[in-house]
Amino acid sequence: MHLHAANEYLSIVTITALLFASYADVVGADRVQLTLAPGSTVGDALTELRARAGGNRLPPKPLTAVNLSYAEHTRVLEPGDELAIIPPVAGG
Amino acid sequence: MHLHAANEYLSIVTITALLFASYADVVGADRVQLTLAPGSTVGDALTELRARAGGNRLPPKPLTAVNLSYAEHTRVLEPGDELAIIPPVAGG
Amino acid sequence: MRSALARDPIDVSSLLAEVSQHGNGATVLFLGTVRDVNQGRAVSGIEYTAYEEMAESELERIVCEAAAQSGTTDIVVVHRIGTLGLGDVSVAIVVAHPHRAQAYDASRYIIEEIKKRLPVWKREAYVDGTREWVRAEAVSHG
Amino acid sequence: MRSALARDPIDVSSLLAEVSQHGNGATVLFLGTVRDVNQGRAVSGIEYTAYEEMAESELERIVCEAAAQSGTTDIVVVHRIGTLGLGDVSVAIVVAHPHRAQAYDASRYIIEEIKKRLPVWKREAYVDGTREWVRAEAVSHG
C-alpha cells in the first residue's frame with residue numbers, strides 16, 4: 001500500500017512553464033504548472049500548453065529553454081524543471 | 001637683356017624638401033632647399049638629396065608627398081612645391 | 001570580465017576604466033542606443049524585459065566564448081532592462097586587447113550573439129500612443 | 001564630422017556626446033592606447049610627431065571616405081601628438097550610425113587607413129633609457 005502510493009507519486013512529472021512578452025500576452029499568464037507523464041519531452045509540454053486557453057496562438061516551434069539553457073523539443077523533462085517558452089529575442 | 005634675365009629665372013625650379021623622424025636624423029636637417037632643372041621629378045629631387053651628407057642613408061624608394069598629398073616619384077615639380085620624404089608611418 | 005543586467009543608466013566612463021590596463025593597446029566600445037524611428041514608426045520610448053536569471057547566465061556564456069576566442073579577459077558587458085527614453089544606452093560592450101583586430105572581433109561577436117541568444121524583449125511605445133513588442137532584428141540598431 | 005590633431009589629452013566623453021543624436025542606434029568607439037611592452041621591450045612612454053599640415057588633411061580625407069562608404073556623418077577622430085605616458089589615449093575614433101554593421105565597418109576602416117597613411121611617427125622611450133623610432137605596424141596596438 002505504502003509502496004503503491006510511492007509509485008503513483010513517481011508516475012507524474014510536475015514542471016513550471018514560463019511565458020514571456022507576447023507569449024505571456026496570448027496565454028494570459030507568465031507562469032503555468034504542468035503535470036506530465038514520466039518521460040515527457042519539451043514538445044509534449046508544448047502540446048499540453050496549446051490545449052489551454054490562448055495556447056493555440058503560440059507558434060508551432062518556439063525557442064525553448066530548460067533550467068536557464070536553451071534546449072531542444074526532444075529534451076526529456078524531470079520533475080521540478082523550469083521550462084521557458086522564448087519569443088523571438090530582441091535584446092541589444 | 002631683360003627678356004634674357006626672365007628666361008634665366010624660369011630655367012631653375014626651387015623647391016623645399018621636408019624630412020621627418022628617422023630621415024631627418026640621417027640627413028641632419030628637417031628642411032632643405034633644392035634647386036632643380038625645369039621638368040625635374042620627385043625622383044630627380046631624391047637623387048639630389050642623396051648627393052648630400054647623410055642622404056645616401058635614405059632608402060631607395062621612400063614614400064613622398066607634394067603639397068600635402070601623396071605623390072609618385074614621376075610627378076613633375078613646380079617652383080615653390082613642398083616635397084615631403086615620408087618615413088614608414090606609425091600613427092594610431 | 002564582467003557581465004550584468006542593469007536597471008539604472010549605464011556609466012560608460014566607469015566601464016572603460018574597468019578594462020584599462022597598460023598591456024592593452026586597443027579598446028573597442030559598442031553602445032546600442034534607443035532610436036527615434038524604427039521601421040518607419042516614430043518611437044517615444046522602449047521597455048526592456050528579460051528572463052532575468054537566464055539572461056544573466058547567457059550573457060556570461062557569451063562573454064566567456066568571446067574571451068576564449070580573443071584571448072583577453074578585459075571584457076565588460078552591461079544590458080539595461082526597464083524603461084528607456086530616446087538616446088538612452090541599452091547595451092554597452094567594452095573589450096580591451098593588446099591588438100585591435102581581436103578587440104573589434106570580440107566586440108562584434110558579443111553584440112551578434114546578444115541579438116541572437118539573449119532572452120530579452122522590448123516593447124516600443126510610439127508617438128501615436130500605441131505600443132508593440134518588437135520582433136527579432138526589427139530592432140533599434142538592426 | 002570632425003578630425004583633428006591634439007596636443008592635450010583626449011576627453012572621450014565629450015567625443016561621444018558630439019555624435020549622439022536620436023537617429024543613431026549604434027555607436028562604436030575605438031581607443032588606441034600606449035602599451036607597456038612593444039616587441040618584447042619595456043616601454044616607459046612615447047613621443048608622437050607628425051607632418052602636421054598633411055596629417056590634418058589626410059585625416060580629413062580618411063574621415064570623408066568613411067562617411068561616403070557608410071552613409072553617416074556622425075564621425076569624430078582625434079589623434080594625439082606630443083609626449084604620452086603608458087595607458088594614454090593616442091587615437092580616438094567615434095562613429096555613430098542607425099545600424100551597427102556600418103558603424104563597426106567605418107570605425108575599422110578609419111583605424112586601418114590611419115595606420116597606412118597618416119604621416120605620424122613615434123619614438124618609444126624604453127625603461128632601459130634608450131629610445132627609438134617605431135617602424136610601421138611594429139606599433140603599440142598592432
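We name chains A, B, ... by the order of the sequence lines, and we start the count at 1 in each one. Note that these values count all heavy atoms, side chains included, but never hydrogens, waters or copies made by symmetry. From a predicted model like this one, the values you see are computed outputs, not experimental measurements.
Shown here is D:Arg123, whose CZ atom has more than 12 heavy atoms of other residues, nucleotides or ligands within 6.0 Å. Heavy-atom contacts from other residues, nucleotides or ligands closer than 6.0 Å to CD of D:Glu56 number more than 12.
Contacts of C:Asp11 with chain D are absent, with no heavy-atom separation under 4.5 Å from either backbone or side chain. Contact of C:Val12 with chain D is made through the side chain alone, with heavy-atom distances under 4.5 Å.
Near-neighbour residues of residues 68-89 of chain C relative to chain D, defined by a heavy atom under 4.5 Å from a heavy atom of that chain, comprise C:Leu86, C:Gly87.
Qualifying side chain to side chain donor-acceptor pair (under 3.5 Å) partners for C:Ser14, counting only residues two or more places apart in sequence or in other chains: none. Residues meeting the side chain to side chain contact (heavy atoms under 4.5 Å, CB included) test with C:Glu113, sequence neighbours left out: C:Ile62, C:Tyr109, C:Lys116, C:Arg117.
Interatomic distance, CG of D:Leu29 versus CG of C:Leu31, reported as 7.5 Å (0.5 Å rounding). Interatomic distance, C:Arg100 CZ to D:Ser107 OG, rounded to the nearest 0.5 Å: 10.5 Å.
Residue with the most contacts toward chain D among C:Gly23, C:Ala96, C:Ser13: C:Gly23 (heavy-atom pairs, distance under 4.5 Å).
Using modelled atom types, one side-chain atom of C:Thr33 and one backbone atom of D:Asn24 make a donor-acceptor pair closer than 3.5 Å.
Contact annotation: the side chain of C:Arg35 never approaches that of D:Gln21 to less than 4.5 Å [non-hydrogen atoms, C-beta and beyond].
Counting only residues at least two apart or on different chains, the salt bridge (Lys or Arg N to Asp or Glu O under 4.0 Å) pairs with a member in residues 15-31 of chain D are D:Arg2-D:Glu18.
Ring-plane geometry between C:Tyr104 and D:Tyr104 is classed as perpendicular, the angle between the planes exceeding 60 degrees on a 0 to 90 degree scale with a lower cut at 30.
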